[in-house]
Structure formats: C-alpha cells, structure tokens
Visitor: 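Dropping the structure in here first, questions after.
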Amino acid sequence: MSPKFGLGYGSPEDQSFIAKHGARCHCEAVQYEVRADPVDAKICHCTVCQVLHGAPMQWAAIFHKRDVRFIAGVEHLRFYNSALDRPERLLPCKVSCARCGTLIADEGRLMWLAFPTLFDFGAPPQVPEAFRPTCHIFYGMRVMDVDDGRPKWSGHKDRSTLL
Ligand SMILES: [Zn+2]
Ligand SMILES: [Zn+2]
C-alpha cells in the first residue's frame, strides 16, 4: 500500500488489529476490514447523495480511520471532491472503485464514512445493531418517506430543525 494513502489507517503489519467486519466492492478488487463497530450510523437524504449514489438515500456508518485497514485494491481507488468538483483526493471526498464503480465510502480527515451495504453480514444479512441508523439527515430533501421512528433532521444533525 502506498504509505501516502495509508496515513491514519490501521497498518497491515499491526498484529493487534483483529478484524471485526469485512467489506468489498462489487468486483472485489477493493477489500478492507474494520476492527470496531461504527461510532454512529445515519441516512442522508441530500440531493448530492441522491445523484452521486443513484439512489433515494445514502446509508453511512462512521469509523475512525485507525480502525480501518485495506486488504486489497488501494491502487483501484478513485476519488472525487463533490464540493469542489475535483476528481482528486481532496478531503473530504468520495471514494469509489475505478474498476467497477462501486461507491465505497466518504473519506474525511479523521473518519471513514463507510457504506454498510458493502459489508458481509451473511445471507440473509444480519445487520448488527451498531450499524443501524440513529437518525436521518437532510430529510427535508427526501424523495421517499422512511417510517422508522428515528429522528429526522431537516439538514445536519443537531444543527437544523427536527421534522
Ligand atoms: Zn470494484
Ligand atoms: Zn448527503
């Protein structure tokens, strides 16, 4: 792995890194592990997520980068900063697989916002409680209602109004 890319992430040489969950893109070129449960999980209904994901909403589970380590395919990673419209690794940015196009995560400076649908939770999937969204954000932009009893923020969590 390029040391430049790996900065802040768990090291492949770290013997104390015990993988808890694994994730991979559709073509399986990109594979990574996490050694912790997410610190939070949420669903974003903003129009940027709707367009970039080609989906009504985006589900993200948040990890510290130190709890994430790559197994394969770092050379296939593609980056895009949507705020600046720059196809570069300018944090925070989108990370995808250049080979199959799977969106993998939003990479922040310290945090890794993983897309849990890439994780192997078994078949049929048993989603761990820690991955379940605690709230919905940018719900004011939604194209679909979600009746799950979780808080719905019009914009950012704790910085907008509850709907
Ligand atoms: Zn791929
Ligand atoms: Zn969004």
Side-chain angles (χ1 to χ4, degrees), residues 1-10 12 19 21-121 125 127 130-144 146 152-160:
M1 178 196 320
S2 133
K4 192 161 176 261
F5 175 81
L7 214 61
Y9 289 91
H21 304 287
R24 58 187 64 183
C25 65
H26 179 263
C27 77
E28 303 189 359
V30 179
Q31 301 188 26
Y32 72 93
E33 299 172 333
V34 295
R35 64 174 166 190
D37 279 328
V39 295
D40 196 9
K42 55 189 166 55
I43 289 184
C44 184
H45 295 258
C46 86
T47 50
V48 174
C49 287
Q50 289 172 21
V51 171
L52 282 168
H53 288 257
M57 59 197 81
Q58 180 233 71
W59 177 24
I62 306 167
F63 296 89
H64 291 280
K65 285 188 181 181
R66 61 173 181 267
D67 294 328
V68 174
R69 83 169 168 190
F70 289 84
I71 302 301
V74 170
E75 68 276 15
H76 292 296
L77 295 180
R78 181 169 61 192
F79 306 97
Y80 177 64
N81 181 310
S82 60
L84 301 173
D85 185 25
R86 296 265 297 273
E88 293 166 50
R89 193 178 177 212
L90 298 165
L91 306 182
C93 67
K94 285 273 171 205
V95 182
S96 59
C97 171
R99 198 170 171 277
C100 69
T102 300
L103 283 167
I104 292 169
D106 285 332
E107 184 184 18
R109 288 168 186 84
L110 298 170
M111 310 303 281
W112 176 257
L113 285 72
F115 304 138
T117 40
L118 277 64
F119 283 70
D120 181 7
F121 293 139
V127 178
F131 284 77
R132 295 192 184 281
T134 61
C135 71
H136 294 256
I137 60 172
F138 292 96
Y139 199 66
M141 296 177 168
R142 73 189 177 282
V143 291
M144 198 176 282
V146 181
K152 312 280 190 316
W153 297 92
S154 64
H156 283 290
K157 182 180 181 180
D158 297 327
R159 285 190 278 141
S160 63

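Everything numeric in this text was worked out from a predicted model, so none of it was measured.
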Visitor: Answer whether the closest heavy-atom distance between the side chains of I104 and C97 falls below 4.5 Å.
Guide: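 Sidechains of C97 and I104: in contact.
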Visitor: How many angstroms lie between atom CZ of F115 and atom CG of D106, to the nearest 0.5 angstrom?
Guide: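 So the gap between those two atoms works out to 4.0 Å.
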Visitor: Measuring from R142:CZ to S154:OG, what's the distance to the nearest 0.5 Å?
Guide: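 Output value for this atom pair is 10.5 Å.
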Visitor: Is the closest side-chain heavy-atom distance between S96 and Y80 below 4.5 Å?
Guide: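 Of all side-chain heavy-atom pairs linking Y80 with S96, none is under 4.5 Å.
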Visitor: State the NZ-CD1 distance between K152 and I43, to the nearest 0.5 angstrom.
Guide: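 If I round to the nearest 0.5 Å, the distance is 9.0 Å.
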Visitor: Quick one: salt bridge (charged side-chain N to carboxylate O under 4.0 Å, His left out) pairs with a partner in residues 41-57, sequence neighbours left out?
Guide: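 Every candidate salt bridge (charged side-chain N to carboxylate O under 4.0 Å, His left out) pair involving residues 41-57 fails, so no pair, neighbours aside, qualifies.
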Visitor: Can you see which heavy atom on A60 is nearest to which on L113, and at what distance?
Guide: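 Between these two residues, the closest heavy atoms are CB-CB, 4.3 Å.
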Visitor: Counting only N and O atoms by type, is there a donor-acceptor contact under 3.5 Å from the side chain of Q50 to the main-chain atoms of H45?
Guide: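 A pair under 3.5 Å: yes.
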Visitor: What is the minimum heavy-atom distance between H76 and A29, and which atoms define it?
Guide: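 For H76 and A29, the tightest heavy-atom pair comes out as CD2-CB, 3.6 Å.
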Visitor: With side-chain contact (heavy atoms from CB on, under 4.5 Å) as the criterion, how do D158 and W153 come out once you've worked through the C-alpha distance, each side chain's angles and the decisive distance to 0.1 Å?
Guide: CA-CA 8 Å; D158 297 327; W153 297 92; 3.4 Å; yes
Visitor: Does any part of the side chain of V48, heavy atoms only, come nearer than 4.5 Å to the side chain of F138, both counted from C-beta?
Guide: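 Sidechains of V48 and F138: no contact.
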Visitor: Within a strict 4.5 Å, meaning less than it, do heavy atoms of the R109 and K65 side chains meet?
Guide: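 The answer is no, as the side chains (C-beta and beyond) never meet within the 4.5 Å cut-off.
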Visitor: Applying side-chain contact (heavy atoms from CB on, under 4.5 Å), run through M57 and V146 and close with a yes or a no.
Guide: CA-CA 10 Å; M57 59 197 81; V146 181; 3.8 Å; yes
Visitor: Rounded to the nearest 0.5 Å, what separates atom NZ in K94 from atom NE2 in H53?
Guide: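 That separation rounds to 3.0 Å.
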Visitor: Restricting to non-hydrogen atoms, name the atom on P38 and the atom on F63 that form the minimum distance, rounded to 0.1 Å.
Guide: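 Distance-wise, the nearest heavy atoms are N-CE2, 3.4 Å.
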Visitor: Could you tell me if the side chain of P116 sits less than 4.5 Å from the side chain of V127, heavy atoms only?
Guide: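 V127 vs P116: side chains apart.
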Visitor: Report, as yes or no, whether the 6.0 Å neighbourhood of atom CZ on R99 holds more than 12 heavy atoms from other residues, nucleotides or ligands.
Guide: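 At most 12 heavy atoms, drawn from other residues, nucleotides or ligands, come within 6.0 Å of this atom.
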Visitor: Looking at every non-hydrogen atom in both residues, tell me the closest pair between T47 and M141 and how far apart they are.
Guide: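 Closest heavy-atom pair between T47 and M141: N-SD, 3.5 Å.
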Visitor: Quick one: side chain to side chain contact (heavy atoms under 4.5 Å, CB included) partners of D40, sequence neighbours excluded?
Guide: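 Listed in chain order: I62, T134, K157.
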Visitor: So which atom in A36 and which in H21 form the shortest heavy-atom distance, rounded to 0.1 Å?
Guide: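 Result for this residue pair: O-CD2, 4.2 Å.
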Visitor: Could you point out which residue of L77, V30, L103 forms a side chain to side chain contact (heavy atoms under 4.5 Å, CB included) with C25?
Guide: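 Per the side chain to side chain contact (heavy atoms under 4.5 Å, CB included) rule, the option paired with C25 is V30, out of L77, V30, L103.
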Visitor: In Å, rounded to the nearest 0.5 Å, how long is the span from OG1 of T117 to CD of Q58?
Guide: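 It comes to 9.5 Å.
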Visitor: Between the main-chain N or O of R66 and the side-chain N or O of R35, is there a donor-acceptor pair closer than 3.5 Å?
Guide: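 Judged by distance alone, yes, a pair lies under 3.5 Å.
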Visitor: Quick one: do the Y9 and D67 side chains pair a donor with an acceptor below 3.5 Å?
Guide: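 No pair is found: no donor N or O on one side chain lies under 3.5 Å from an acceptor on the other.
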Visitor: Should the pair Y32 and F70 be assigned to parallel (<30°), tilted (30 to 60°) or perpendicular (>60°) ring geometry?
Guide: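 If you compare the ring of Y32 with that of F70, the planes turn out tilted.
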Visitor: Hey, can you tell me if Y139 and H136 have their rings parallel, tilted or perpendicular (30° and 60° cut-offs)?
Guide: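 Answer is perpendicular, since the angle exceeds 60°.
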Visitor: Identify the two heavy atoms, one from A114 and one from A105, that lie closest to each other, and give their separation to 0.1 Å.
Guide: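 Taking every non-hydrogen atom into account, CA-CB, 4.1 Å.
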